[in-house]
*Asks:* 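Mind looking over this structure? Questions follow.
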Protein chains: 2
Amino acid sequence: MARNKHPEETVSLILDVSYRLFMEKGYEHTSIQDIIDHLGGLSKGAIYHHFKSKEDILVAVTDKMTEESNKMLAVIRDRTDLTGEEKLKMIFKESILRPVQDDIFTVAPNLSNNPRLLFSIFKETVQDAAPHYILPILEQGIKDGSIRTDYPAELSELIILTANIWTNPMIFDNSAEESYRKFMVFRQMMQGFGLDVVDDEMLARLQELAAIYQKNK
Amino acid sequence: MARNKHPEETVSLILDVSYRLFMEKGYEHTSIQDIIDHLGGLSKGAIYHHFKSKEDILVAVTDKMTEESNKMLAVIRDRTDLTGEEKLKMIFKESILRPVQDDIFTVAPNLSNNPRLLFSIFKETVQDAAPHYILPILEQGIKDGSIRTDYPAELSELIILTANIWTNPMIFDNSAEESYRKFMVFRQMMQGFGLDVVDDEMLARLQELAAIYQKNK
DNA sequence: CTTTCAATACCGCATGACGGTATGTAAATA
DNA sequence: TATTTACATACCGTCATGCGGTATTGAAAG
(Lines give C-alpha, C1' and ligand atoms only; values in the text may rest on other atoms or scores of the structure.)
Protein backbone atom coordinates (compact mmCIF):
# COMPACT_ATOMS: atom_id res chain seq x y z
CA MET A 1 0.00 0.00 0.00
CA ALA A 2 1.05 3.57 -0.61
CA ARG A 3 2.87 5.34 2.10
CA ASN A 4 0.67 7.41 4.41
CA LYS A 5 1.59 11.05 4.93
CA HIS A 6 0.10 10.80 8.43
CA PRO A 7 1.53 7.66 10.00
CA GLU A 8 -0.54 8.16 13.17
CA GLU A 9 -3.51 7.15 11.06
CA THR A 10 -1.83 3.87 10.26
CA VAL A 11 -1.04 3.31 13.92
CA SER A 12 -4.61 4.11 14.77
CA LEU A 13 -5.89 1.70 12.15
CA ILE A 14 -3.72 -1.10 13.46
CA LEU A 15 -4.92 -0.43 17.00
CA ASP A 16 -8.58 -0.32 16.04
CA VAL A 17 -8.39 -3.56 14.11
CA SER A 18 -6.39 -5.23 16.85
CA TYR A 19 -8.78 -4.06 19.52
CA ARG A 20 -11.73 -5.49 17.65
CA LEU A 21 -10.04 -8.81 17.01
CA PHE A 22 -8.64 -9.11 20.54
CA MET A 23 -12.13 -8.61 21.89
CA GLU A 24 -13.82 -10.92 19.42
CA LYS A 25 -11.37 -13.80 19.25
CA GLY A 26 -9.16 -13.19 22.24
CA TYR A 27 -5.56 -12.01 22.19
CA GLU A 28 -4.04 -15.45 21.95
CA HIS A 29 -6.28 -16.59 19.17
CA THR A 30 -5.61 -13.51 17.11
CA SER A 31 -2.59 -13.97 14.85
CA ILE A 32 -0.57 -11.20 13.30
CA GLN A 33 -1.85 -12.51 9.99
CA ASP A 34 -5.43 -12.04 11.20
CA ILE A 35 -4.66 -8.41 11.90
CA ILE A 36 -3.01 -7.96 8.51
CA ASP A 37 -6.04 -9.47 6.78
CA HIS A 38 -8.24 -6.74 8.25
CA LEU A 39 -5.87 -3.89 7.51
CA GLY A 40 -6.94 -3.32 3.92
CA GLY A 41 -3.68 -3.90 2.10
CA LEU A 42 -1.11 -3.12 4.75
CA SER A 43 1.58 -5.68 5.39
CA LYS A 44 3.50 -7.28 8.18
CA GLY A 45 6.33 -4.82 7.66
CA ALA A 46 3.97 -1.95 8.44
CA ILE A 47 2.94 -3.50 11.72
CA TYR A 48 6.48 -4.23 12.81
CA HIS A 49 7.55 -0.78 11.77
CA HIS A 50 5.10 0.79 14.23
CA PHE A 51 5.11 -1.85 16.95
CA LYS A 52 7.99 -3.92 18.19
CA SER A 53 5.94 -7.00 19.05
CA LYS A 54 2.47 -8.42 19.32
CA GLU A 55 2.57 -7.82 23.04
CA ASP A 56 3.45 -4.20 22.36
CA ILE A 57 0.20 -3.91 20.44
CA LEU A 58 -1.68 -5.36 23.40
CA VAL A 59 -0.22 -2.75 25.72
CA ALA A 60 -1.14 0.04 23.31
CA VAL A 61 -4.67 -1.32 22.95
CA THR A 62 -5.06 -1.46 26.71
CA ASP A 63 -3.77 2.08 27.06
CA LYS A 64 -6.25 3.30 24.49
CA MET A 65 -9.06 1.49 26.28
CA THR A 66 -8.32 3.21 29.57
CA GLU A 67 -7.19 6.55 28.18
CA GLU A 68 -10.48 8.35 28.17
CA SER A 69 -11.45 7.04 31.56
CA ASN A 70 -8.09 8.16 32.94
CA LYS A 71 -8.60 11.65 31.58
CA MET A 72 -11.86 11.88 33.49
CA LEU A 73 -10.13 10.62 36.63
CA ALA A 74 -7.42 13.23 36.31
CA VAL A 75 -9.93 16.07 35.94
CA ILE A 76 -11.82 15.06 39.05
CA ARG A 77 -8.65 14.41 41.00
CA ASP A 78 -7.35 17.89 40.25
CA ARG A 79 -10.48 19.84 41.19
CA THR A 80 -10.15 22.06 44.22
CA ASP A 81 -13.78 22.53 45.13
CA LEU A 82 -14.51 19.02 46.40
CA THR A 83 -13.61 16.93 49.42
CA GLY A 84 -11.93 13.57 48.95
CA GLU A 85 -15.15 11.72 49.59
CA GLU A 86 -17.07 13.89 47.14
CA LYS A 87 -14.47 13.18 44.48
CA LEU A 88 -14.79 9.44 45.02
CA LYS A 89 -18.53 9.65 44.70
CA MET A 90 -18.21 11.70 41.53
CA ILE A 91 -15.84 9.18 40.00
CA PHE A 92 -18.21 6.31 40.45
CA LYS A 93 -21.10 8.36 39.23
CA GLU A 94 -19.25 9.41 36.08
CA SER A 95 -17.96 5.99 35.25
CA ILE A 96 -21.41 4.51 35.57
CA LEU A 97 -23.59 7.24 34.12
CA ARG A 98 -21.51 8.14 31.09
CA PRO A 99 -19.27 5.21 30.42
CA VAL A 100 -16.82 5.21 27.60
CA GLN A 101 -17.54 1.56 27.81
CA ASP A 102 -20.88 1.87 26.12
CA ASP A 103 -19.27 0.71 22.90
CA ILE A 104 -17.26 -1.92 24.66
CA PHE A 105 -20.49 -3.30 25.95
CA THR A 106 -21.95 -3.53 22.47
CA VAL A 107 -18.87 -4.67 20.55
CA ALA A 108 -17.83 -8.02 21.85
CA PRO A 109 -18.04 -8.78 25.51
CA ASN A 110 -16.65 -11.64 27.45
CA LEU A 111 -13.18 -11.16 28.79
CA SER A 112 -13.68 -14.32 30.76
CA ASN A 113 -11.94 -16.22 27.97
CA ASN A 114 -9.28 -13.65 27.32
CA PRO A 115 -6.53 -14.11 29.91
CA ARG A 116 -3.97 -11.82 28.35
CA LEU A 117 -6.26 -8.86 27.78
CA LEU A 118 -7.80 -9.21 31.19
CA PHE A 119 -4.36 -9.41 32.77
CA SER A 120 -3.29 -6.32 30.93
CA ILE A 121 -6.27 -4.34 32.20
CA PHE A 122 -5.70 -5.75 35.64
CA LYS A 123 -2.10 -4.61 35.64
CA GLU A 124 -2.99 -1.17 34.39
CA THR A 125 -5.55 -0.82 37.16
CA VAL A 126 -3.11 -1.77 39.89
CA GLN A 127 -0.02 -0.02 38.60
CA ASP A 128 -1.59 3.10 37.14
CA ALA A 129 -5.17 3.87 38.12
CA ALA A 130 -4.85 3.05 41.82
CA PRO A 131 -1.68 5.00 42.67
CA HIS A 132 -2.16 7.93 40.28
CA TYR A 133 -5.85 8.66 40.60
CA ILE A 134 -7.46 7.04 43.63
CA LEU A 135 -4.58 7.30 46.07
CA PRO A 136 -4.19 11.11 45.81
CA ILE A 137 -7.91 11.46 46.42
CA LEU A 138 -7.76 9.26 49.50
CA GLU A 139 -4.80 11.27 50.76
CA GLN A 140 -6.69 14.47 50.27
CA GLY A 141 -9.69 12.95 52.03
CA ILE A 142 -7.51 12.07 54.99
CA LYS A 143 -6.31 15.66 55.19
CA ASP A 144 -9.72 17.26 54.81
CA GLY A 145 -11.25 14.79 57.24
CA SER A 146 -13.78 13.22 54.85
CA ILE A 147 -11.94 9.87 54.70
CA ARG A 148 -10.33 7.90 57.48
CA THR A 149 -7.84 5.07 56.88
CA ASP A 150 -4.36 4.11 58.02
CA TYR A 151 -3.53 2.40 54.73
CA PRO A 152 -4.50 4.64 51.82
CA ALA A 153 -2.31 2.91 49.23
CA GLU A 154 -3.81 -0.52 49.91
CA LEU A 155 -7.33 0.80 50.22
CA SER A 156 -7.11 2.59 46.90
CA GLU A 157 -6.09 -0.66 45.25
CA LEU A 158 -8.93 -2.60 46.82
CA ILE A 159 -11.49 0.03 45.88
CA ILE A 160 -10.52 0.36 42.25
CA LEU A 161 -10.12 -3.38 41.75
CA THR A 162 -13.52 -4.03 43.21
CA ALA A 163 -15.18 -1.22 41.30
CA ASN A 164 -13.48 -1.64 37.93
CA ILE A 165 -12.85 -5.34 37.74
CA TRP A 166 -15.12 -7.23 40.07
CA THR A 167 -18.33 -5.38 39.26
CA ASN A 168 -17.56 -5.40 35.54
CA PRO A 169 -20.13 -7.70 33.91
CA MET A 170 -17.94 -7.99 30.82
CA ILE A 171 -15.17 -9.59 32.80
CA PHE A 172 -17.21 -11.85 35.00
CA ASP A 173 -19.96 -12.51 32.49
CA ASN A 174 -22.69 -11.58 34.95
CA SER A 175 -26.40 -11.15 34.36
CA ALA A 176 -28.13 -7.86 35.09
CA GLU A 177 -29.27 -9.17 38.44
CA GLU A 178 -25.86 -10.43 39.42
CA SER A 179 -24.24 -7.13 38.55
CA TYR A 180 -26.81 -5.29 40.54
CA ARG A 181 -26.24 -7.47 43.58
CA LYS A 182 -22.49 -7.06 43.25
CA PHE A 183 -22.91 -3.35 43.31
CA MET A 184 -25.03 -3.59 46.42
CA VAL A 185 -22.23 -5.53 48.08
CA PHE A 186 -19.73 -2.97 46.85
CA ARG A 187 -21.86 -0.23 48.35
CA GLN A 188 -21.94 -2.02 51.66
CA MET A 189 -18.20 -2.52 51.55
CA MET A 190 -17.64 1.18 50.98
CA GLN A 191 -20.01 2.01 53.82
CA GLY A 192 -17.94 -0.27 56.00
CA PHE A 193 -15.00 1.98 55.26
CA GLY A 194 -17.14 4.96 56.19
CA LEU A 195 -17.65 5.98 52.57
CA ASP A 196 -21.07 6.74 51.17
CA VAL A 197 -20.46 6.91 47.44
CA VAL A 198 -23.33 5.03 45.82
CA ASP A 199 -26.78 6.50 45.42
CA ASP A 200 -30.02 5.22 43.94
CA GLU A 201 -29.65 6.98 40.60
CA MET A 202 -26.41 5.08 40.06
CA LEU A 203 -28.00 1.75 40.88
CA ALA A 204 -30.77 2.35 38.38
CA ARG A 205 -28.30 3.15 35.63
CA LEU A 206 -26.30 0.09 36.44
CA GLN A 207 -29.27 -2.16 35.92
CA GLU A 208 -29.78 -0.51 32.57
CA LEU A 209 -26.20 -1.15 31.49
CA ALA A 210 -26.24 -4.76 32.50
CA ALA A 211 -29.40 -5.21 30.44
CA ILE A 212 -27.72 -3.75 27.35
CA TYR A 213 -24.85 -6.11 27.83
CA GLN A 214 -27.11 -9.12 28.10
CA LYS A 215 -28.90 -8.22 24.90
CA ASN A 216 -25.70 -8.20 22.86
CA LYS A 217 -24.43 -11.53 24.08
CA MET B 1 11.50 -45.26 27.83
CA ALA B 2 9.91 -48.46 28.96
CA ARG B 3 6.20 -48.57 29.42
CA ASN B 4 5.06 -47.90 32.98
CA LYS B 5 2.80 -50.43 34.60
CA HIS B 6 1.23 -47.59 36.58
CA PRO B 7 0.41 -44.81 34.15
CA GLU B 8 -0.77 -42.52 36.97
CA GLU B 9 2.86 -42.23 37.93
CA THR B 10 3.68 -40.94 34.48
CA VAL B 11 0.83 -38.47 34.65
CA SER B 12 2.01 -37.38 38.05
CA LEU B 13 5.56 -36.92 36.80
CA ILE B 14 4.41 -34.80 33.90
CA LEU B 15 2.35 -32.64 36.25
CA ASP B 16 5.16 -32.19 38.75
CA VAL B 17 7.63 -31.18 36.09
CA SER B 18 5.13 -28.90 34.40
CA TYR B 19 4.20 -27.26 37.68
CA ARG B 20 7.81 -26.47 38.45
CA LEU B 21 8.51 -25.09 34.99
CA PHE B 22 5.29 -23.09 34.81
CA MET B 23 6.21 -21.46 38.10
CA GLU B 24 9.83 -20.86 37.23
CA LYS B 25 9.58 -19.73 33.62
CA GLY B 26 5.90 -18.98 33.24
CA TYR B 27 3.36 -21.00 31.28
CA GLU B 28 3.91 -19.21 28.02
CA HIS B 29 7.67 -19.47 28.15
CA THR B 30 7.58 -23.17 28.88
CA SER B 31 7.58 -25.27 25.72
CA ILE B 32 6.46 -28.86 25.49
CA GLN B 33 10.07 -29.63 24.66
CA ASP B 34 11.15 -28.02 27.94
CA ILE B 35 8.84 -30.36 29.78
CA ILE B 36 10.14 -33.37 27.85
CA ASP B 37 13.72 -32.45 28.67
CA HIS B 38 12.95 -32.72 32.38
CA LEU B 39 10.99 -35.95 32.11
CA GLY B 40 13.96 -38.30 32.16
CA GLY B 41 13.52 -40.03 28.81
CA LEU B 42 9.81 -39.70 28.16
CA SER B 43 8.79 -38.37 24.79
CA LYS B 44 6.38 -36.00 23.16
CA GLY B 45 4.06 -38.83 22.35
CA ALA B 46 3.81 -39.77 26.00
CA ILE B 47 2.63 -36.30 26.92
CA TYR B 48 0.04 -36.18 24.19
CA HIS B 49 -1.14 -39.61 25.13
CA HIS B 50 -2.03 -38.45 28.64
CA PHE B 51 -3.02 -34.85 27.90
CA LYS B 52 -4.83 -33.54 24.90
CA SER B 53 -3.09 -30.16 24.85
CA LYS B 54 -0.68 -27.89 26.65
CA GLU B 55 -3.62 -26.01 28.07
CA ASP B 56 -5.01 -29.26 29.38
CA ILE B 57 -1.83 -29.64 31.40
CA LEU B 58 -2.28 -26.16 32.81
CA VAL B 59 -5.77 -26.99 34.02
CA ALA B 60 -4.54 -30.18 35.63
CA VAL B 61 -1.68 -28.35 37.31
CA THR B 62 -4.05 -25.73 38.68
CA ASP B 63 -6.37 -28.40 39.98
CA LYS B 64 -3.52 -30.09 41.76
CA MET B 65 -2.40 -26.79 43.25
CA THR B 66 -5.78 -26.11 44.80
CA GLU B 67 -6.66 -29.69 45.63
CA GLU B 68 -5.22 -29.83 49.12
CA SER B 69 -6.58 -26.45 50.06
CA ASN B 70 -10.00 -27.48 48.81
CA LYS B 71 -9.92 -30.60 50.94
CA MET B 72 -9.36 -28.44 53.99
CA LEU B 73 -12.22 -26.18 52.96
CA ALA B 74 -14.55 -29.14 52.56
CA VAL B 75 -13.72 -30.50 56.00
CA ILE B 76 -14.43 -27.19 57.70
CA ARG B 77 -17.54 -26.60 55.64
CA ASP B 78 -19.00 -29.95 56.67
CA ARG B 79 -18.41 -29.67 60.39
CA THR B 80 -21.55 -29.46 62.50
CA ASP B 81 -20.12 -27.97 65.68
CA LEU B 82 -19.40 -24.47 64.42
CA THR B 83 -21.38 -21.41 63.40
CA GLY B 84 -20.91 -19.92 59.97
CA GLU B 85 -18.77 -17.12 61.31
CA GLU B 86 -16.60 -19.54 63.27
CA LYS B 87 -16.04 -21.58 60.14
CA LEU B 88 -14.94 -18.53 58.22
CA LYS B 89 -12.49 -17.61 60.91
CA MET B 90 -11.13 -21.13 60.98
CA ILE B 91 -10.62 -21.13 57.23
CA PHE B 92 -8.52 -18.00 57.29
CA LYS B 93 -6.59 -19.26 60.27
CA GLU B 94 -5.87 -22.58 58.59
CA SER B 95 -4.86 -21.12 55.28
CA ILE B 96 -2.49 -18.74 56.95
CA LEU B 97 -1.07 -20.82 59.77
CA ARG B 98 -0.51 -24.06 57.93
CA PRO B 99 -0.33 -23.16 54.29
CA VAL B 100 0.19 -25.78 51.70
CA GLN B 101 1.72 -22.85 50.00
CA ASP B 102 4.87 -22.98 52.08
CA ASP B 103 6.62 -24.74 49.22
CA ILE B 104 5.02 -22.52 46.65
CA PHE B 105 6.53 -19.61 48.48
CA THR B 106 9.99 -21.12 48.37
CA VAL B 107 9.89 -22.65 44.90
CA ALA B 108 9.41 -19.88 42.45
CA PRO B 109 7.34 -16.88 43.33
CA ASN B 110 6.04 -14.15 41.13
CA LEU B 111 2.85 -14.84 39.31
CA SER B 112 2.86 -11.22 38.30
CA ASN B 113 4.53 -12.25 35.06
CA ASN B 114 2.47 -15.37 34.53
CA PRO B 115 -0.88 -14.30 33.08
CA ARG B 116 -2.12 -17.74 32.13
CA LEU B 117 -1.40 -19.41 35.44
CA LEU B 118 -2.80 -16.50 37.37
CA PHE B 119 -5.92 -16.48 35.25
CA SER B 120 -6.34 -20.18 35.81
CA ILE B 121 -6.17 -19.77 39.58
CA PHE B 122 -8.46 -16.80 39.34
CA LYS B 123 -11.05 -18.78 37.46
CA GLU B 124 -10.83 -21.70 39.83
CA THR B 125 -11.39 -19.36 42.76
CA VAL B 126 -14.48 -17.78 41.26
CA GLN B 127 -16.05 -20.85 39.71
CA ASP B 128 -15.17 -23.43 42.32
CA ALA B 129 -13.95 -22.17 45.67
CA ALA B 130 -16.51 -19.39 46.09
CA PRO B 131 -19.71 -21.30 45.28
CA HIS B 132 -18.76 -24.67 46.70
CA TYR B 133 -17.00 -23.78 49.91
CA ILE B 134 -17.60 -20.19 51.01
CA LEU B 135 -21.19 -19.81 49.87
CA PRO B 136 -22.57 -22.77 51.89
CA ILE B 137 -20.84 -21.38 54.96
CA LEU B 138 -22.38 -17.96 54.45
CA GLU B 139 -25.76 -19.58 53.97
CA GLN B 140 -25.38 -21.50 57.18
CA GLY B 141 -24.29 -18.31 58.93
CA ILE B 142 -27.43 -16.57 57.75
CA LYS B 143 -29.52 -19.36 59.18
CA ASP B 144 -27.72 -19.58 62.51
CA GLY B 145 -27.66 -15.80 62.82
CA SER B 146 -23.90 -15.36 62.91
CA ILE B 147 -23.75 -13.72 59.46
CA ARG B 148 -26.01 -11.13 57.93
CA THR B 149 -26.15 -10.37 54.21
CA ASP B 150 -28.75 -10.18 51.47
CA TYR B 151 -26.32 -11.31 48.79
CA PRO B 152 -24.41 -14.38 49.96
CA ALA B 153 -23.29 -15.51 46.51
CA GLU B 154 -21.69 -12.18 45.66
CA LEU B 155 -20.24 -11.72 49.11
CA SER B 156 -18.60 -15.13 49.03
CA GLU B 157 -16.92 -14.20 45.77
CA LEU B 158 -15.66 -10.91 47.09
CA ILE B 159 -14.33 -12.48 50.28
CA ILE B 160 -12.43 -15.31 48.65
CA LEU B 161 -11.04 -13.12 45.88
CA THR B 162 -9.80 -10.58 48.36
CA ALA B 163 -8.38 -13.18 50.72
CA ASN B 164 -6.86 -15.58 48.21
CA ILE B 165 -5.83 -13.31 45.38
CA TRP B 166 -5.47 -9.75 46.54
CA THR B 167 -3.58 -10.45 49.75
CA ASN B 168 -1.38 -13.04 48.06
CA PRO B 169 2.13 -11.58 47.96
CA MET B 170 3.11 -14.08 45.30
CA ILE B 171 0.59 -12.66 42.90
CA PHE B 172 1.01 -8.98 43.61
CA ASP B 173 4.71 -9.16 44.39
CA ASN B 174 4.28 -7.32 47.68
CA SER B 175 6.80 -6.73 50.42
CA ALA B 176 6.21 -7.98 53.96
CA GLU B 177 4.95 -4.56 55.00
CA GLU B 178 2.61 -4.23 52.05
CA SER B 179 1.11 -7.65 52.68
CA TYR B 180 0.60 -6.82 56.31
CA ARG B 181 -1.16 -3.58 55.46
CA LYS B 182 -3.34 -5.34 52.91
CA PHE B 183 -4.41 -7.79 55.55
CA MET B 184 -5.26 -4.95 57.89
CA VAL B 185 -7.48 -3.51 55.19
CA PHE B 186 -9.00 -6.93 54.59
CA ARG B 187 -9.69 -7.20 58.32
CA GLN B 188 -11.43 -3.84 58.28
CA MET B 189 -13.45 -4.85 55.25
CA MET B 190 -14.63 -7.98 56.98
CA GLN B 191 -15.51 -6.01 60.07
CA GLY B 192 -17.55 -3.73 57.83
CA PHE B 193 -19.58 -6.79 56.92
CA GLY B 194 -19.95 -7.56 60.62
CA LEU B 195 -17.42 -10.39 60.47
CA ASP B 196 -14.58 -10.63 62.96
CA VAL B 197 -12.34 -13.27 61.47
CA VAL B 198 -8.81 -11.98 61.84
CA ASP B 199 -6.90 -12.10 65.09
CA ASP B 200 -3.42 -11.01 66.14
CA GLU B 201 -1.88 -14.46 65.93
CA MET B 202 -2.85 -14.56 62.27
CA LEU B 203 -1.35 -11.18 61.57
CA ALA B 204 1.95 -12.20 63.14
CA ARG B 205 2.12 -15.34 61.02
CA LEU B 206 1.34 -13.38 57.92
CA GLN B 207 4.31 -11.10 58.47
CA GLU B 208 6.45 -14.18 58.84
CA LEU B 209 5.24 -15.63 55.54
CA ALA B 210 5.78 -12.45 53.65
CA ALA B 211 9.32 -12.32 54.99
CA ILE B 212 10.02 -15.84 53.76
CA TYR B 213 8.76 -14.89 50.37
CA GLN B 214 10.96 -11.84 50.21
CA LYS B 215 14.04 -13.84 51.10
CA ASN B 216 13.58 -16.27 48.22
CA LYS B 217 13.09 -13.67 45.56
C1' DC C 1 0.13 -73.25 31.82
C1' DT C 2 0.43 -71.41 27.29
C1' DT C 3 -1.25 -68.83 23.45
C1' DT C 4 -3.76 -65.14 21.55
C1' DC C 5 -5.33 -60.57 21.07
C1' DA C 6 -6.97 -56.21 21.83
C1' DA C 7 -6.05 -52.23 24.56
C1' DT C 8 -2.82 -48.90 25.73
C1' DA C 9 1.78 -46.71 27.00
C1' DC C 10 4.98 -44.66 24.48
C1' DC C 11 8.12 -43.16 20.39
C1' DG C 12 9.72 -39.62 17.21
C1' DC C 13 9.39 -37.58 12.83
C1' DA C 14 6.35 -34.59 9.93
C1' DT C 15 3.77 -30.47 9.45
C1' DG C 16 1.82 -26.22 9.36
C1' DA C 17 1.11 -22.03 11.84
C1' DC C 18 3.00 -18.38 13.98
C1' DG C 19 5.93 -14.44 15.78
C1' DG C 20 9.64 -12.08 14.35
C1' DT C 21 13.74 -10.35 11.23
C1' DA C 22 16.54 -8.77 7.25
C1' DT C 23 16.55 -6.39 3.41
C1' DG C 24 14.74 -3.78 -0.30
C1' DT C 25 12.23 0.41 -2.15
C1' DA C 26 9.96 4.49 -2.88
C1' DA C 27 7.86 8.49 -0.92
C1' DA C 28 8.58 12.31 2.15
C1' DT C 29 11.45 15.60 4.25
C1' DA C 30 15.34 18.51 5.21
C1' DT D 1 20.35 15.87 -3.37
C1' DA D 2 20.85 13.21 0.88
C1' DT D 3 18.64 11.18 4.59
C1' DT D 4 14.97 9.52 6.99
C1' DT D 5 10.86 7.07 7.19
C1' DA D 6 6.73 4.19 5.86
C1' DC D 7 5.94 0.32 4.17
C1' DA D 8 6.64 -4.47 1.22
C1' DT D 9 8.56 -9.08 0.64
C1' DA D 10 10.99 -13.02 1.45
C1' DC D 11 12.61 -15.75 4.86
C1' DC D 12 13.86 -17.99 9.60
C1' DG D 13 13.44 -20.60 13.86
C1' DT D 14 10.32 -22.25 17.25
C1' DC D 15 6.49 -24.32 18.68
C1' DA D 16 2.18 -27.11 19.47
C1' DT D 17 0.13 -30.77 17.64
C1' DG D 18 -0.83 -34.86 14.49
C1' DC D 19 0.06 -39.35 13.40
C1' DG D 20 1.84 -43.91 11.89
C1' DG D 21 4.20 -47.16 14.21
C1' DT D 22 6.05 -50.33 18.15
C1' DA D 23 6.32 -52.60 22.50
C1' DT D 24 4.12 -54.01 26.67
C1' DT D 25 0.32 -55.35 29.24
C1' DG D 26 -3.46 -58.11 31.21
C1' DA D 27 -7.09 -61.12 30.45
C1' DA D 28 -9.47 -64.57 28.17
C1' DA D 29 -9.38 -68.78 25.36
C1' DG D 30 -7.42 -73.10 24.53
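In what follows, every chain begins at residue 1, and chains take the letters A, B, ... in the order their sequences are listed. Computed from a predicted model, the values in this text were never measured in an experiment.
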*Asks:* Distance check needed: C/dT21 C1' versus A/Phe51 CZ, whole Å only.
*Replies:*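 Atom-to-atom, A/Phe51 to C/dT21, this comes out as 18 Å.
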*Asks:* Applying salt bridge (Lys or Arg N to Asp or Glu O under 4.0 Å), name anything that partners A/Lys64, two or more places apart in sequence or on another chain.
*Replies:*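 By the salt bridge (Lys or Arg N to Asp or Glu O under 4.0 Å) rule, A/Lys64 matches A/Asp16.
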*Asks:* Can you list, pair by pair, the side-chain donor-acceptor contacts under 3.5 Å of residues 38-49 of chain A, counting residues two or more places apart and other chains?
*Replies:*
{"residue": "A/His38", "atom": "ND1", "partner": "A/Asp34", "partner atom": "O", "Å": "2.9"}
{"residue": "A/Ser43", "atom": "OG", "partner": "A/Gly45", "partner atom": "N", "Å": "3.3"}

*Asks:* Among all residues two or more places apart in sequence or in another chain, which pass the ring pair (Phe, Tyr, Trp, His ring centres under 6.0 Å) test with A/Phe193?
*Replies:*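 Partners of A/Phe193 by the ring pair (Phe, Tyr, Trp, His ring centres under 6.0 Å) criterion come out as none, since no residue qualifies.
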*Asks:* If a protein heavy atom is under 4.0 Å from the base, mark B; if only from the sugar-phosphate, S; if neither, -; do that for nucleotides 13-18 of chain D going 5' to 3'.
*Replies:* --SBB-
*Asks:* Just how far, in rounded Å, is C1' of C/dG12 from CG of B/Asp37?
*Replies:*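 Distance check: B/Asp37 CG to C/dG12 C1' gives 14 Å.
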*Asks:* Which nucleotide in the list C/dA9, D/dC7, C/dC11 gets nearest to the side chain of B/Ser43?
*Replies:*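 Closest nucleotide to the B/Ser43 side chain: C/dC11.
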*Asks:* With ring centroids as reference points, do B/Phe186 and B/Phe183 lie under 6.0 angstrom apart?
*Replies:*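 For B/Phe186 and B/Phe183, the ring centres are under 6.0 Å apart.
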*Asks:* Quick one: list whatever passes salt bridge (Lys or Arg N to Asp or Glu O under 4.0 Å) with B/Arg77, sequence neighbours left out.
*Replies:*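 With neighbours one apart ignored, the set is empty.
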*Asks:* Would B/Lys54 count as a cation-pi partner of B/Tyr27, with NZ or CZ less than 6.0 Å from the six-membered ring centre and within 45° of the ring normal?
*Replies:*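 B/Lys54 over B/Tyr27 ring: yes.
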*Asks:* Which residues satisfy the side-chain contact (heavy atoms from CB on, under 4.5 Å) test with A/Glu9, sequence neighbours excluded?
*Replies:*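 Once residues adjacent in sequence are excluded, the partners of A/Glu9 under the side-chain contact (heavy atoms from CB on, under 4.5 Å) criterion are A/Asn4, A/His6.
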*Asks:* Which pairs, with at least one residue in residues 111-137 of chain A and sequence neighbours excluded, count as a salt bridge (charged side-chain N to carboxylate O under 4.0 Å, His left out)?
*Replies:*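 Those involving residues 111-137 of chain A are A/Glu55-A/Arg116, A/Arg116-B/Glu28.
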*Asks:* Which nucleotides of nucleotides 24-30 of chain C have their base under 4.0 Å from a protein heavy atom (B), which only their sugar-phosphate (S), and which neither (-), written as one string 5' to 3'?
*Replies:* --BBS--
*Asks:* Return no unless some side-chain N or O of A/His49 is found under 4.0 Å from OP1 or OP2 of D/dA6.
*Replies:*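 Yes, A/His49 has a side-chain N/O under 4.0 Å of OP1/OP2 on D/dA6.
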*Asks:* For the pair made of CD1 in A/Ile36 and P in D/dA8, what is the distance, rounded to whole Å?
*Replies:*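 For the pair A/Ile36 CD1 and D/dA8 P, the rounded distance is 9 Å.
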*Asks:* Within the structure, does a side-chain N or O atom of A/Thr10 lie under 4.0 Å from either OP1 or OP2 of D/dA6?
*Replies:*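 Checking D/dA6 against A/Thr10, no side-chain N or O comes under 4.0 Å of OP1 or OP2.
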*Asks:* Separation of A/Leu39 atom CG from D/dA6 atom C1', in whole Å?
*Replies:*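 These atoms are roughly 13 Å apart.
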*Asks:* Only counting residues at least two apart or in another chain, list the ones meeting salt bridge (Lys or Arg N to Asp or Glu O under 4.0 Å) with A/Asp81.
*Replies:*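 Salt bridge (Lys or Arg N to Asp or Glu O under 4.0 Å) check on A/Asp81 returns A/Arg79.
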*Asks:* Near DNA chain C, under 4.0 Å by heavy atom, which residues of residues 116-124 of chain B?
*Replies:*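 The answer is none.
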*Asks:* According to ring pair (Phe, Tyr, Trp, His ring centres under 6.0 Å), who are the partners of B/Tyr151, at least two apart in sequence or on a separate chain?
*Replies:*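 Residues passing ring pair (Phe, Tyr, Trp, His ring centres under 6.0 Å) with B/Tyr151: none at all.
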*Asks:* Measure from CD1 on B/Ile47 to P on C/dT8 and round the result to the nearest Å.
*Replies:*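 So the CD1-P distance, B/Ile47 to C/dT8, works out to 20 Å.
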*Asks:* For B/Lys182, what residues pass the salt bridge (Lys or Arg N to Asp or Glu O under 4.0 Å) criterion, not counting sequence neighbours?
*Replies:*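 For B/Lys182, the residues satisfying salt bridge (Lys or Arg N to Asp or Glu O under 4.0 Å) (neighbours in sequence not counted) are A/Glu157.
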